Amino acid sequence: MKHYLQFSDFTAAEYDYLLARAALIKKKFKTYEKHHTLVDRTLAMIFEKASTRTRVSFEAGMYQLGGSVVHLTTNDSQLGRAEPIEDSARVISRMTDLVMIRTFGQDKIERFAQYSRVPVINGLTNEFHPCQILADIFTFIEHRGSIAGKVVAWVGDGNNMANTWLQAADLLGFTVHVSTPNGYEVDEKLAFGGRTARAGCYKIFSNPKEACQGAHLVTTDVWTSMGYEAENEERRKAFANWCVDADMMAAAQPDALFMHCLPAHRGEEVTAEVIDGAQSVVWDEAENRMHVQKALMEYLLLGQLAD
């Protein structure tokens, strides 16, 4: 049994399979061809952090695979409060086939997985967001081909998205140019779990425009992630020069793509001109969460399939 708690949990070969499988599943979806590989399987979704895209993509995806869904919020299940996380894991995993958790600390999801009898998926934690980066890479491949050898510019907060981009670059052979304000840097030890990263998988830039120089993909996130709202005003000041605009996109490759995991705040981390412009693929990116997660759920429950 495998869990998917961070991007580094899978090998490059497994990602080759998942990305190809997601393409097949998406093709079937677009042609209204049934793909019911998870009939009679149940996904439990536990939300301690609210989300539109995570809920819709997992719930719709599981139904499209022929399965069913149980949706739990903090009113229904408070991990570690109403009862120990370990006990919740033991109970929920006896009644369902798969568990997706969107919560705050990575420690919660790791403790749950340790005592779960079924695969556990990280729908987002403060530290990592593997499903989103899987969707982003799939989207890049759809539009530009292999991401190996390419440059991804990360502009903004050194958050869960940035951590996960570093893991993906280390594993899949591309480079991330990271630019964050002082005090909001990426924690390399956290991202790589204390391991030595592949040489050249990331570079640090103090100037965000320099980070975008020659990039094949420019991507960002909100300045204030969920759970850090008390820092909002302080962050608005610190991040003022880290708004992805036309000048930054002009520094990138002429055919560079722009991505954002959404929700977006136009005029803060990105201008309307960029996110609504021709280089933006944010809507494809959002839809692709569903397709890659279908491939992921299928793989965790059934392993690699030939058709």
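Note that the structure is a prediction, hence the values are computed from the model and not measured.
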Starting from the C-alpha separation in whole Å, work towards a yes-or-no answer on salt bridge (Lys or Arg N to Asp or Glu O under 4.0 Å) for E48 and R102. CA-CA 6 Å; E48 291 199 310; R102 183 179 173 95; over 6 Å; no
Output, in order, the C-alpha distance, side-chain angles, deciding distance and verdict of ring-ring contact (aromatic ring centres under 6.0 Å, His included) for H291 and F29. CA-CA 9 Å; H291 303 303; F29 174 80; 5.1 Å; yes
Could you give me the CA-CA distance, side-chain angles and deciding distance for T224 and N232, then say whether side chain to side chain donor-acceptor pair (under 3.5 Å) is met? CA-CA 6 Å; T224 305; N232 191 47; 3.0 Å; yes
Side chain to side chain contact (heavy atoms under 4.5 Å, CB included) assessment of N122 paired with F128: CA-CA 8 Å; N122 181 351; F128 301 108; 3.9 Å; yes
With side chain to side chain contact (heavy atoms under 4.5 Å, CB included) as the test, would you mind laying out the steps for I275 and R266 before giving the verdict? CA-CA 8 Å; I275 195 171; R266 290 166 175 80; 3.5 Å; yes
Between V152 and W165, is the side chain to side chain contact (heavy atoms under 4.5 Å, CB included) condition met? List the steps. CA-CA 9 Å; V152 175; W165 270 118; 4.1 Å; yes
Under the side chain to side chain contact (heavy atoms under 4.5 Å, CB included) criterion, do H143 and V281 qualify, and how do the steps go? CA-CA 9 Å; H143 286 268; V281 291; 3.6 Å; yes
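Linking ILVMFWY residues whenever their side-chain heavy atoms come closer than 4.5 Å, directly or via other members, leaves V222 and W242 in distinct clusters. Under the 4.5 Å side-chain contact rule for hydrophobic residues, W283 and V218 share a cluster. Placement of I46 and L5 within a single hydrophobic cluster is found when ILVMFWY residues are connected by side-chain heavy-atom separations under 4.5 Å, directly or transitively. Grouping the Ile, Leu, Val, Met, Phe, Trp and Tyr side chains by contacts below 4.5 angstrom, directly or via other members, places F47 with Y63. When the side chains of ILVMFWY residues are joined at heavy-atom separations under 4.5 Å, either directly or via intervening members, L19 and M297 end up in a single hydrophobic cluster.
Other residues, nucleotides and ligands contribute at most 12 non-hydrogen atoms within 6.0 Å of the CG atom of D40. The number of heavy atoms from other shown groups lying within 6.0 Å of CD (E185) is above 12. Annotation for N182: atom CG does not count as buried by contact number, only 12 or fewer foreign heavy atoms lying within 6.0 Å.
Nearest heavy-atom pair, P208 versus S206, reported as atom, atom and distance to 0.1 Å: CD-O, 3.6 Å. Of all heavy-atom pairs spanning T219 and M259, the tightest one is OG1-O, 3.1 Å. Nearest heavy atom pair, residue A153 against residue A211, reads CB-O, 3.5 Å. The minimum heavy-atom distance between R289 and G123, with the atom names listed, is NH2-O, 4.4 Å. Contact detail for L301 and L98: the closest heavy-atom pair is CD1-CD2, 4.2 Å. R90 and R94 make their closest contact through O-CG, 3.2 Å (heavy atoms, listed as atom of the first residue, atom of the second, distance).
Considering only heavy atoms from C-beta on, I92 comes within 4.5 Å of F112 through its side chain. At least one side-chain heavy atom of I85 sits under 4.5 Å from a side-chain heavy atom of K108. The shortest distance between side-chain heavy atoms of N160 and E127 does not fall below 4.5 Å. Residues V120 and Y4 form no side-chain contact, since every pair of their non-hydrogen atoms from C-beta on lies 4.5 Å or further apart. A heavy-atom distance below 4.5 Å is found between the side chains of H260 and D221. Under the 4.5 Å side-chain criterion, counting only non-hydrogen atoms from C-beta, K2 is not in contact with D9. Contact of the M62 side chain with the L38 side chain is registered, since non-hydrogen atoms from C-beta on lie closer than 4.5 Å. For the pair D136 and V292, the minimum side-chain heavy-atom distance is 4.5 Å or more.
In terms of modelled atom types and a separation under 3.5 Å, the side chain of S179 and the main chain of F205 share a donor-acceptor contact. For N159 (side chain) and A162 (main-chain N/O), a donor-acceptor pair under 3.5 Å exists by modelled atom type. Put simply, the side chain of R235 gets close to the backbone of W223: a donor and an acceptor are under 3.5 Å apart. Using a distance-only test at 3.5 Å, with no hydrogens or angles considered, a donor-acceptor pair links the side chain of N288 to the main chain of D284. Using modelled atom types, one side-chain atom of S93 and one backbone atom of R117 make a donor-acceptor pair closer than 3.5 Å. A donor-acceptor distance shorter than 3.5 angstrom exists from the side chain of D170 to the backbone of R198, with no hydrogens or angles considered. Panel note: side chain S280, backbone G277; no donor-acceptor pair is recorded below 3.5 Å. Distance alone, capped at 3.5 Å, is enough to place a donor-acceptor pair between the K150 side chain and the S146 backbone. At least one donor-acceptor pair under 3.5 Å links the side chain of Q279 to the backbone N or O of A256. No donor-acceptor distance shorter than 3.5 angstrom exists from the side chain of E268 to the backbone of C243, with no hydrogens or angles considered.
Rounding to the nearest 0.5 Å gives a distance of 7.5 Å between OG1 of T125 and NZ of K49. Within the model, atoms CD of E285 and CZ of R53 stand 10.0 Å from one another, a figure rounded to the nearest 0.5 Å. Taken from OG1 in T164 to CG in L134, the straight-line distance is 11.0 Å, to the nearest 0.5 Å. In this structure, CZ in R144 is found 12.0 Å from OG1 in T139, a value given to the nearest 0.5 Å. Expressed to the nearest 0.5 Å, how far CD of Q293 lies from CZ of F58 amounts to 3.5 Å. Here CD of E298 is found 4.5 Å from CD1 of I25. Values are rounded to the nearest 0.5 Å.
Taking the six-membered ring where tryptophan is involved, the planes of F7 and Y15 are essentially parallel, since the angle between them stays under 30° and well short of 60°.
Y299 pairs with exactly one of K294, Q304, R21, E14 by the side-chain hydrogen bond (donor to acceptor under 3.5 Å, both in side chains) rule, that one being E14.
Side-chain contact of K28 with H35: a donor-acceptor pair under 3.5 Å is present, judged by distance alone. Using a 3.5 Å distance cut-off with no hydrogens or angles, the side chains of S68 and R41 do not pair a donor with an acceptor. Side-chain atoms of E269 and T220 form no donor-acceptor pair, as typed in the model, at a separation below 3.5 Å.
Between F192 and Y202, the distance separating the two ring centers is shorter than 6.0 angstrom.
Taking 4.0 Å as the cut-off between side-chain N and carboxylate O, E231 and K237 do not count as a salt-bridged pair. For E33 and K27, the salt-bridge test fails: no basic side-chain N is under 4.0 Å from an acidic carboxylate O.
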